Structures are given as C-alpha cells and as structure tokens.
2 protein chains.
Amino acid sequence: MTAMDDGLADPTGAGAAAPTLHDVAREAGVSVATASRALNGSSRNVRAENVTRVREAAARLGYQPHLSAQAIAKGSTRTVALVVRDVADPYFSSIAAGVTQAAEAAGLIVTMAVAGDSPERELQIVRTLRGRRPRVIIVTGSRIDGAGTREALIDELREYRTAGGRVVLISQRDLPFGTVTIDDHGGSAALARALLGAGYRRFAVFHAPPALRTSRDRHEGFLSGLAGADVPEPLAVETGFTRTGGYEAARRLVERGFEDVEAVFAVNDVMAIGAMTAFRDAGVIPGRDIGVAGFDDIASTRDVVPALTTVAVPLHEAGLSAMRLALSDGEPLPTALPATVVLRASTPPRPHHDLKVMRGVTAMGHDHLPWTSRH
Amino acid sequence: MTAMDDGLADPTGAGAAAPTLHDVAREAGVSVATASRALNGSSRNVRAENVTRVREAAARLGYQPHLSAQAIAKGSTRTVALVVRDVADPYFSSIAAGVTQAAEAAGLIVTMAVAGDSPERELQIVRTLRGRRPRVIIVTGSRIDGAGTREALIDELREYRTAGGRVVLISQRDLPFGTVTIDDHGGSAALARALLGAGYRRFAVFHAPPALRTSRDRHEGFLSGLAGADVPEPLAVETGFTRTGGYEAARRLVERGFEDVEAVFAVNDVMAIGAMTAFRDAGVIPGRDIGVAGFDDIASTRDVVPALTTVAVPLHEAGLSAMRLALSDGEPLPTALPATVVLRASTPPRPHHDLKVMRGVTAMGHDHLPWTSRH
DNA sequence: TTGTAGGCGTTATCAG
DNA sequence: CTGATAACGCCTACAA
C-alpha cells in the first residue's frame, strides 16, 4: 500500500466533491427533508432550533444547493437567456444592461450568449440555450434575410414556447413572437426631414448589405423622408456595419470626390464615428466641409468633435421593455420604441439654401430637439 | 365534464411539457438507454438504423436534452461563469469578448453575470454561480479595499475550487487564485516618463477613491514614474471612475484655474474622454491648452479629437489568457500582461522645455511608440 | 414538526 | 448491440 492509496492524495485531481444536502443533513443530525425545508423550502414548518442547526451545518461545510438538481426537481429555473451579436458593441451592451436590471428586479439571473455574425451560430446557440430550460429567451440583433436559418430559428423558438418558455425578440419584426422594435424607418425619415430643414440637399448614405434588415430599414426610411423634396437621389455606399466599415466608406468617398455631397447619413453611430475620423484623416473637416449623421445615440456621440447628429433610440429601455414583455401574462403585444432626432454640431445649418421645408430650426448644435419620428 | 377538462385546454398555462428522452425513445421504439446513446453518448455501439430512427424521432418531437439533468447525471457541466461589473463598459466587454472566444474554442459556453458597483452583490453572485457548478469561474474588476467582503469572497471561491472548480481572477492581485493582471503601476510609470520626455512638467491626476485598487495602482505608478525628475507634486483630483467623473473633475479644475497644470492624467480612458469634453465645453482646447492622457486604450481613443494619449492594455488578450489559465493543468501561474504607452495628439511635445529625460521622442501623434512598461 | 419514499430527466453499469 | 435499473441531488406529497 503506497502513500497514494491512503485517501489523502487525490489521484483524480478532482478535489473533494461538493457537499450535498445529505452531507448537511447528516452533519446537522436531521433528515434530508428537514434540511431541504430549512434551507430552501417554506421554512415555516420546521423547528427554529433545527433551522439554525441546519444553517450552521451548511455554512460549516460550504454547502451550495445544486441548481441543476433544483431545476430538475422543481421543473423550472430562474434564469433569463439573452442572445446578442457582440458584447463589445455599445448597442448590445446597453440593451443587456437594461435586461439585466429588469431581470434582477424580478429575481432572475441573466446569462448571456454571444452569437457573432453567423446566423448558424445564433441558431445553434438558441438550441443549446433551450436545453437549459430558462424562463425566458431574448434574442437581439437584426435578422439577416436569406440566411436560410430563419425558419429553423422560428421552429426552435416556437417549440420552446410550446414547452412553456417565453420568447421576446428585440429589433426583429415580422417574427411570430413578442417583439420590441425600434422605429428604424420612421426615425431615419425624421432625420432626413430634419436635415432638409437644416438646409442640406445632397446626401450620401453609408449602409450595410441590404440583407441586414436594420440597415435596409434605416436606408429606406431616410429615402422616404426625402421623398417629395426636390433633391437628387442620395449616393449609396455599401460597406460594413462597423466602425471600420464607416471609415472605409468615407475614405472611398473622399477618393472619389465628394463635391456633390453635403451630408452623409451612416446607418449607425459607430459607422458615422469611423467616417468622421476618416474624413479628418483625409483633411476633410466634419461639420464644416461635410455634414455627418448617425443612428443610435451611443454615449460617444457627445465626446467626438463635432458632436454627432443622430437618432436616439432608448436602448436601455428596450432591454427593460423586453423583460416586461416576457414577464407579462397574456398575448404579448409588440412594443414599438420611438426614435428621436438629435441635431448636433456635426450637421450645422446651411442657411445659404432656400428653406422650403420645416420651420423652427433654430438652436442647432443643441441637444434633444423634439423631432420625434412619427409612430 | 366541461371543455376545460378534456385535455385540449391548458388550465395551467404552462403549455405542453417539453418532450423527454422517454418520449423520444417511445416514438422511436427503443429503450431510453439506446436513445441516450444514439443522441448524446458514444454512438459507436448502437446500430446505425436505430441511430437514424432515434434522431428522426427527436427532430419530429423537437426534443432538446435537459442540460440540468445531464449535469446531474454526468456530474459536470460545460459552462464558464464570468462576473463583470458593468457590461456597458468597454473595458469589461472587451475582456468578455476574449473570454467568450476562448471558451467557444474549447467547446464551453459562457454565462455572464453583472455585479454592478456593489461588492456585496458580487459576493452573492459568486455564491449563486457556484450553485450552477460551472467548470470555471472568472471574476473581473478591481478589488475594493475595506469592503469587508474580501474574506467571504475568498472563502467562497476556495470552497468552489476545493470541489473541483477552476478560479481565475482578472485584474485583482494578492488573492490566492490564478490571476491575470494588468501592469497598472508599470504602465502608469512609463506614461509619466513618456510625458516628461515630451516636455511636460506640471501634472494633475484625476483618480477614483483610493479604495479602488486599480485607481490607486495607476496613481501611485504615475507618481513613481515622476520620481527623480525635478517636477512639482502633481495635483490630485478625486472623482468617480466614470466618464461623468472625468467630466466633473475637469470642470472643477477649470473653475479653480489650471495655470499650474500642463497635462492631466486620468486613470482611465472614459474619464479622460469625459474630461476632454468638459475642457472643450469650457473653452479649453485639449492638446493645445492642456495635455490629456488616459489608460486602457479603448476603441474611442482614436475617434476623439485630438486622439487620446493612453496606456494600451490587451483587454481581449486578458480574456483569452484567463481562459487559458483556467484550462491549464497544474498550479496556475499568475499571468502579467504588459501595458504599452501610446502617445497621440492629446499630448503634443512641448519643445520649449529642457529635455533632460528620454531620447528618441520623435514621431509624436503617431501610434504605438514602443514604450513598454517594465515588468 | 419530522421522516420516508417516489419522482424529475439523464447517464452509466451490468446483464442479456 | 440493447434493455433494465441504479444512481445523480433535490423537492414534496404522504404518512407518522
């Protein structure tokens, strides 16, 4: 018999097993049932002395209830599963913060999964998540048309719901589930009108591939806001949905020559901010030589120079609404969040144009002019 | 007998229960054991015909294995639990992205929990997390001295580790666990030397309450980098660890008068960026009227004007390292990540001073000068 | 108030 | 290769 066999060494390397309720019960000198009741159940019907005895035993052993076992025994969990495309993107992290806050208030724990750009991975993640039997699954991020996973995703979520789960989608309309949408179309249209009102006439739009629903909605919304005004067709520049995408698009625009463009609308703020930096790098001063506007109103819009004109969407609120929707009884009605135009210094007024649209365009460069989008 | 009783209606509102392995087995006409093997076990030893039969049955029923049940039966999970203070902070979301990437490569799923500013909540979260029996727990964020939860947290993590779990901390030294640290002290010292080299002599430091370890380390590091140089004691301004904190500190500094300050070191980038905006709002131009430097090198540093001088820390890499540490066998050695000074336009050289320190300070305003911190 | 026993969905062991 | 059956850790009637 060697030293390895005497029980002191731990050949498996796994360490001592975590103490179970049985251990606690034995340590406290009561039955498992009593221990269970004392720790997690309605401790009404257990003698006070035993309660403390059990609590002390649990503390002494460092006992933590095995949540999986509880989940199995009780048939339900207290978790919310959140699927995002990218944690590092302020758009998603703001939503996540809202979801987390609301979940916490409801005594639920949020677990977050990152899908990346791949719809296949998103589908796979939803599948896996389903296995954890969360109370709620929230999926955020634009649907991508033609990815071929749409039906499969719907099936997966539908089955989950049939089994008693709550599904809420953020920023994905047209799917048969509770939905929190952002008024991409209306917000962009309102922005277009506001820019017309500020004297801009000739635009470029930096957009992502139209398969990306959010990008397309914002692009189309912008065009529809221009409709009726006597302006040339905006120049459309397709690029990535990221800061780098915006940077590249701006670089290309400068190379091409931008004499026919007075202002750029980038379909999100990180693109717009990347574009501003690219313009600056090329010696083109945003706000003076060219107007720039974005969408989302992320925190950085106030720290760049000039401050970025954008469309504010209540991201944090979207997270809260999603949880509210998930927890509400009855058929969840789609919630639409308003988008608000915020004119800042990146699109100063151009008074040398005839203003035949809009009135009251005065305090440019100030925050929160009340151009709420319709709807 | 009413319509409510015929089984079509669902009085509980819970919907149909999720199909179990039993259902699949029955549907496929095999035993549960075979079904289990066909779906999740080593399917080597099950007839091909039965495998397809089971697979089809599972698909038909929309079956998803109950992960909690698997966890219980197998005695282990494939998840990594990550604790952060704030998802919306780019510092944490970069780390989270790194952790997620590495975990995914190892076939693990990351669940993220948000602790907020409260150490008590952090402790409570670690407790709850422990109940889920993850393979790994990663805790990020600066320790807060004097919070009183330190010992309790250590106990909790120690017990978790004893039960076979892996613990890794990011950015918290002096705790008896695997640790990935950022060289806060050395990076700040290197920054101080670089600024001296650029001709700056009189500084202010915007820092958070010293109980916040990260803030204190960076502050002290900066002072130690100044040691030996013939410069006045930097003005210390205490404020919040956030953008707003930086904004406020700058506002106060301007109010007080900043004739005796040539450059400000804010202990993180969001503070520095907030400060730049405050300066600008007060008519003080950063980079011209006053130098500004931060710490972390978050993405926005390149988009603000002037671009922000900072100390780059490989946040994404920190996440990767943490997972590597967690998955490695044997005693996990502390990993220290280097911090690199990056001089940009927010601290242009001041050639009118005597340069008695540093050489080679040439290409100011360019990225990635190789001022790696010692250590 | 307490203990006994059965069950939750899955895997693993051990005969067939 | 397959099928009973005993775990896994916990909860909860039911009975004492």
Side-chain angles (χ1 to χ4, degrees), chain A residues 12 14 16-54 57-58 61-78 128 130-134 163-165, chain B residues 12 14 16-54 57-58 61-79 128 130-134 163-164:
Chain A
T12 73
T20 74
L21 195 55
H22 280 86
D23 302 326
V24 176
R26 185 171 348 106
E27 174 88 5
V30 299
S31 74
V32 262
T34 303
S36 173
R37 288 188 273 252
L39 291 176
N40 312 307
S42 46
S43 59
R44 297 285 172 220
N45 352 327
V46 42
R47 211 195 320 166
E49 183 197 325
N50 275 341
V51 172
T52 54
R53 202 203 297 282
V54 170
L61 266 40
Y63 168 78
Q64 272 304 119
H66 195 305
L67 261 34
S68 287
Q70 288 191 161
I72 266 198
K74 299 215 261 227
S76 77
T77 63
R78 299 196 63 76
T128 312
R130 204 146 84 74
R132 324 190 88 174
R133 304 291 191 273
Chain B
T12 72
T20 73
L21 197 54
H22 280 87
D23 303 324
V24 176
R26 185 171 350 103
E27 174 88 5
V30 298
S31 73
V32 259
T34 302
S36 172
R37 287 188 274 249
L39 291 176
N40 312 306
S42 45
S43 57
R44 297 283 171 222
N45 351 329
V46 43
R47 212 193 322 165
E49 184 197 325
N50 273 341
V51 172
T52 55
R53 201 203 296 285
V54 170
L61 265 41
Y63 166 79
Q64 271 307 117
H66 196 307
L67 261 35
S68 287
Q70 287 191 164
I72 262 198
K74 298 214 258 224
S76 77
T77 63
R78 299 197 61 78
T79 70
T128 312
R130 205 146 84 73
R132 319 187 118 211
R133 304 292 191 272

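Labels below follow one simple rule: chain letters A, B, ... track the order of the sequence lines, proteins then strands, and each chain is numbered from 1. What you see is a predicted model, and the numbers here were worked out from it, not measured in a lab. When reading the values below, keep in mind they use all heavy atoms of this one structure, side chains included, and skip hydrogens, waters and symmetry mates.
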Could you pull out the protein-nucleic contacts involving nucleotides 11-16 of chain D (nitrogen or oxygen on both sides, under 3.5 Å)?
unit_1  : atom_1 : unit_2   : atom_2 : d
dC11(D) : OP1    : Asn40(A) : ND2    : 3.2
dC11(D) : OP1    : Gln70(A) : OE1    : 2.8
dC11(D) : OP2    : Ser36(A) : OG     : 2.8
dC11(D) : OP2    : Asn40(A) : ND2    : 3.3

When the side chains of residues 67-76 of chain A are checked against the rest of the protein, which donor-acceptor pairs come out under 3.5 Å, sequence neighbours left out?
none

Please give, in whole Å, the distance from dC10(D) C1' to His66(B) NE2? 13 Å
d(CG, Leu39(B); P, dT10(C)) in whole Å: 9 Å
Write down the distance between CD1 (Ile72(B)) and P (dA6(D)), rounded to a whole number of angstrom. 18 Å
Can you tell me how far apart CZ (Arg26(B)) and OG (Ser31(B)) are? Round to the nearest 0.5 Å. 13.0 Å
So does Ser31(A) get a side-chain nitrogen or oxygen closer than 4.0 Å to the phosphate oxygens (OP1/OP2) of dT2(C)? no
Is there a side-chain polar atom (N or O) of Thr20(B) under 4.0 Å from OP1 or OP2 of dG9(C)? no
Spacing of Thr128(A) atom OG1 and Gln64(B) atom CD [to the nearest 0.5 Å]: 7.0 Å
Taking every heavy atom of Ala18(A) against every heavy atom of Asp23(A), the minimum-distance pair comes out as O-OD2, 4.3 Å
With rounding to the nearest 0.5 angstrom, report the CZ to OG1 distance, Arg132(A) to Thr77(B). 7.5 Å
With DNA chain D as reference, determine whether Val30(B) or Arg133(B) sits nearer its 5' end, using the nearest nucleotide of each. Val30(B)
To the nearest angstrom, the CG-P distance between Leu67(B) and dG9(C) comes to 14 Å
Take atom CZ of Arg132(A) and atom C1' of dG9(C), then tell me their distance rounded to the nearest Å. 16 Å
It should be established whether Asn50(A) places a side-chain nitrogen or oxygen under 4.0 Å from OP1 or OP2 of nucleotide dT1(C). no
d(CG, Asn45(B); P, dT13(C)) in whole Å: 13 Å
May I ask you to test the Leu39(A)-Leu21(A) pair for a side-chain heavy-atom distance under 4.5 Å? yes
Between atom NE2 in His22(A) and atom C1' in dG3(C), what is the gap in whole Å? 12 Å
Gly62(B) and Arg130(A): which non-hydrogen atoms are nearest, and at how many Å? O-NH2, 2.9 Å
